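Down below is the structure, laid out as structure tokens.
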Number of protein chains: 2
Amino acid sequence: MHKEKIPKLTIPRLSLYYRALLESRESAFISSEELSKLTQFSAAQVRKDLTYFGEFGTPGKGYRIVELKEVILKILGTGRQRNIALIGAGNLGLALLAYRGFAVQGFRIVAAFDSNLSKIGKTFEGVLIRGMNELPQVVRNKNIEIAIIAVPANVAQEAVNKVIKSGITAILNFAPIRPKAPKGEEILNIDLSIELERLSYFLKRKSKKV
Amino acid sequence: MHKEKIPKLTIPRLSLYYRALLESRESAFISSEELSKLTQFSAAQVRKDLTYFGEFGTPGKGYRIVELKEVILKILGTGRQRNIALIGAGNLGLALLAYRGFAVQGFRIVAAFDSNLSKIGKTFEGVLIRGMNELPQVVRNKNIEIAIIAVPANVAQEAVNKVIKSGITAILNFAPIRPKAPKGEEILNIDLSIELERLSYFLKRKSKKV
DNA sequence: TAGATTGTTAATCGATTAACAATC
DNA sequence: TAGATTGTTAATCGATTAACAATC
């Protein structure tokens, strides 16, 4: 196994290679050049990314599609189900609950939490909304590994603290803050207003260039 | 004005500096060191990012908070309202419509579109859902500069094509595809399953390390 | 064998960090 | 003036690309 350091962005690229492979059922093999065309990454990039994890290709032929798919699943750890706790059952939270799109990849929201008493006890999409106090036990009982934070900004840090205390180490955060957390936690931030501001910067630049 | 190339990630950092400044009302000046503490970026990074756009600081004192906020607003182009078209009025789309969180920064969804006849004509959060055929005229009449794509994957490329044809150049895409688009379009992808797969990779690694 | 394509090394590119003279 | 902090240059780090020997 290689010991070279793996670039951060290699991982999301692997996901995109996988997606491309799903649509490549025509032949048994695929070359880095073909994967490059499908994903817009360079062929050298494709080969480099893959060799961080082993030698999966056959010179002269390319990569066996069936095998490569299995390999990527294994690398990403998406071969099995991963249980998710949803923190916050507001508009966004409930939309995520209803969005069964990622269930196919094995991700499943198996529990939802809110601090609003009027929501606790209700069921959405077959998932019961519970009070935050139940978090630690439910995490344990349902083998939950990931939390999605979909609460307002002003209570987000508090929510993250509770999630961490419950033993969860992988967090997808939709609240517009950068939560503080100890080492060993992996927090990915999806920050709508920052993305919109990037677009605004792009528009500003464009208008200036005229 | 500097002509050095500006790193891609400088822009989202500027947004985060701005957020930090909003909470710094104690004194008139703030140093790069203090901004560093608030944002977790290095002080050198803070200074470097700012000098791409000019010299705003005073040696020995730091940056005047009021001035720096104005400067960043100006750089990002967020000083004025930016109108948004929402494409897709499903669960996620309607959640975004209801989420007024980014209205404060001047971003406003002023029109929504769907191809589902049962939705067209209805109003959510004061916004009328229209058919896609109305897109070009509404974009013109309402001065829309940004589109948010919140449609299923299988119709996302088609939606993006129509958006581009309507003259919009800045797109925030929530569909799990990488849309193809001509140069001159700025498309930012928010891809839930890819983020979840990154978390899965993290969990996989962690479990191996034990 | 000839042609194709891998895996890998070296070169390049881009971004961050460290250090410090300039300056308020 | 002495102390603090900027703006900038050079060094470092990290990631991507180009090129090609190895190999199926």
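Since the structure is predicted, the reported quantities are computational estimates derived from the model, not experimental observations. Letters A, B, ... mirror the listed sequences (proteins, then strands); counts begin at 1. Computed from heavy atoms alone, side chains included, the values below leave out hydrogens, waters and symmetry copies.
Identified under the ring-ring contact (aromatic ring centres under 6.0 Å, His included) test for residues 80-99 of chain A, with sequence neighbours left out: Tyr99(A)-Phe102(A).
Rounded to a whole Å, the CD atom of Gln40(A) is 13 Å from the P atom of dT17(D). Glu67(A) has its CD atom 13 Å from the C1' atom of dT6(C), to the nearest Å. One can place CZ of Phe29(B) at 10 Å from C1' of dC24(C), the figure rounded to the nearest angstrom. If you take OH of Tyr52(B) and P of dT8(D), they are 12 Å apart, rounded to a whole angstrom. In this structure, the CZ atom of Phe56(B) is 18 Å from the P atom of dT23(C), given to the nearest Å. To the nearest angstrom, P of dT5(C) lies 12 Å from CG of Leu35(A). What separates NZ of Lys8(B) from C1' of dT16(D) is a distance of 13 Å, to the nearest Å. Put simply, CD on Glu4(A) is 14 Å from P on dG7(C), counting in whole angstrom units.
With salt bridges taken as basic N to acidic carboxylate O contacts below 4.0 Å, none links Glu55(B) and Arg47(B). The pair Arg178(A)-Asp191(A) counts as a salt bridge, with a side-chain nitrogen and a carboxylate oxygen less than 4.0 angstrom apart. The pair Arg80(B)-Glu145(B) meets the salt-bridge criterion, since a charged nitrogen lies less than 4.0 angstrom from a carboxylate oxygen. Looking at Lys48(B) and Glu4(B), a side-chain N of the basic residue comes within less than 4.0 Å of a carboxylate O on the acidic one, giving a salt bridge. Using a 4.0 Å cut-off between charged side-chain N and carboxylate O, Arg198(B) and Glu195(B) make a salt bridge. A salt bridge is defined here as a Lys NZ or Arg NE, NH1 or NH2 lying under 4.0 Å from an Asp or Glu carboxylate O, and Glu158(B) with Lys162(B) meets this definition.
Toward the 5' end of DNA chain D, the nearer of the two residues Pro59(A) and Glu33(B), judged by each one's closest nucleotide, is Glu33(B).
Set against dG7(C), dG7(D), dT16(C), the side chain of Glu55(B) has dG7(D) as its closest nucleotide. Comparing dT6(D), dT6(C), dT8(C) by their closest approach to the side chain of Thr51(A) singles out dT8(C). In this structure, the nucleotide among dG14(D), dT16(D), dC24(D) sitting nearest to the side chain of Thr58(A) is dC24(D). Here dT16(D) is the nucleotide among dT16(D), dT16(C), dT6(C) with the atom lying nearest to any side-chain atom of Leu9(A). Side-chain proximity of Ser32(A) to the nucleotides dA15(C), dT16(D), dT6(C) is greatest for dT6(C).
Heavy atoms of Thr10(B) sit nowhere under 4.0 angstrom from any nucleic acid atom.
Judged by distance alone, with hydrogens and angles left aside, the side-chain atoms of Thr58(A) form no donor-acceptor pair with the main-chain N or O of Lys61(A) at under 3.5 Å.
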For DNA chain C, please output the secondary structure as dot-bracket, reading 5' to 3'. Pairs are Watson-Crick or G-U wobble, both atom distances under 3.5 Å; mark crossing pairs with [ ], other-strand partners with |, unpaired with a dot. ..||||||||||||||||||||||
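Proximity of Lys69(B) to Leu22(B): side-chain heavy atoms (C-beta onward) are separated by under 4.5 Å at one or more points.
The cationic atom of Arg13(A) (NZ for Lys, CZ for Arg) lies less than 6.0 Å from the six-membered ring centre of Phe41(A) and within 45° of the ring axis.
Contact between the side-chain N/O atoms of Tyr63(A) and the OP1/OP2 oxygens of dG7(C) is found at a separation under 4.0 Å.
Shown for residues 41-50 of chain A: residues whose heavy atoms fall under 4.0 angstrom of DNA chain D, namely Ser42(A), Ala44(A), Gln45(A), Arg47(A), Lys48(A).
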